[in-house]
Amino acid sequence: QVRLVESGGGLVQAGGSPRLSCAASGRIFSINPMGWYRQAPGKQRELVATISRGGITTYVDSVKGRFTISRDNAKNTVYLQMNSLKPEDTAVYYCYANVRAYVGDSQSYDYWGQGTQVTVSS
């Protein structure tokens, strides 16, 4: 079992720039990829950003140019720098990781954190 713990959420005014972080712990050999999902009340959960172990990134169109995903492989940690926040960014943000438990593992497994609330006031 792998545990993902998010931090950095809270109440922020429109235009704010919080940074979310997520640290993975447990039985881990490698993680590839990592990412962030979000879910607003009454809305479907959406994939916000992903990053491969080598640093290749993807973003949902609504956050391109405003959010930056990064990772520290030595710390098994992924970050989401959120700039120019808008009220529509309000959601619970969930960390994601695809994990191999040991060298030569024939399978990888998906894990999600508990989520951190980001509320953007106008």
Would you give the length of the straight line joining atom CZ of Arg71 to atom OG of Ser52, rounded to the nearest 0.5 angstrom?
7.0 Å
4.5 Å side-chain heavy-atom contact, Tyr102 and Arg27
no
Leu4 to Cys22 - nearest heavy-atom pair and separation
CB-SG, 3.8 Å
Please list all pairs meeting disulfide bond (SG atoms under 2.5 Å apart) that have one or both residues in residues 54-88, counting only residues at least two apart or in different chains.
none
Side-chain (Gln114) to main-chain (Glu6) donor-acceptor, under 3.5 angstrom
no
For the pair Asn83 and Ser17, evaluate side-chain hydrogen bond (donor to acceptor under 3.5 Å, both in side chains) and give the outcome as yes or no after the intermediate values.
CA-CA 4 Å; Asn83 296 326; Ser17 301; 3.2 Å; yes
Hey, any chance Trp112 and Met34 share a hydrophobic cluster, counting ILVMFWY side chains that come within less than 4.5 Å of each other, even indirectly?
no
Quick check: is Val78 connected to Val92 through a chain of hydrophobic side chains (ILVMFWY, heavy atoms under 4.5 Å apart)?
no
OG1/Thr116 to CG/Leu80 distance, rounded to the nearest 0.5 angstrom?
11.0 Å
Please list all pairs meeting salt bridge (charged side-chain N to carboxylate O under 4.0 Å, His left out) that have one or both residues in residues 84-100, counting only residues at least two apart or in different chains.
Arg38-Asp89, Arg66-Asp89
Between OG1 on residue Thr50 and CG on residue Leu47, distance to nearest 0.5 Å:
6.0 Å
Gap between atom CD1 of Ile28 and atom CZ of Arg3 - 0.5 Å precision
12.0 Å
Interatomic spacing from CD in Gln117 to OG1 in Thr90 - rounded to 0.5 Å:
7.0 Å
Could you check if a side-chain atom of Leu20 sits within less than 4.5 angstrom of a side-chain atom of Trp36, using non-hydrogen atoms only?
yes
Path from Val60 to Tyr94 over hydrophobic side-chain contacts below 4.5 Å
no
Examine distances only and state if a side-chain atom of Gln39 and a backbone atom of Tyr93 form a donor-acceptor pair shorter than 3.5 Å.
no
Honestly curious: do Ile31 and Ile69 fall in one hydrophobic cluster under the side-chain, below-4.5 Å linking rule?
yes
Atom CG of Asp72 and atom OG of Ser21: how far apart are they, to the nearest 0.5 Å?
11.5 Å
So do Leu85 and Phe67 actually touch side chain to side chain, heavy atoms under 4.5 Å?
yes
For Arg53, does its backbone N or O pair with a side-chain atom of Asn73 as donor and acceptor, under 3.5 Å?
yes
Transitively linked via ILVMFWY side-chain contacts under 4.5 Å: Tyr79 with Val12?
no
Can you label the angle between the Tyr37 ring and the Tyr96 ring as parallel, tilted or perpendicular, going by 30° and 60°?
perpendicular
What are the two closest non-hydrogen atoms of Pro87 and Ala14, and how far apart are they?
CD-CB, 4.4 Å
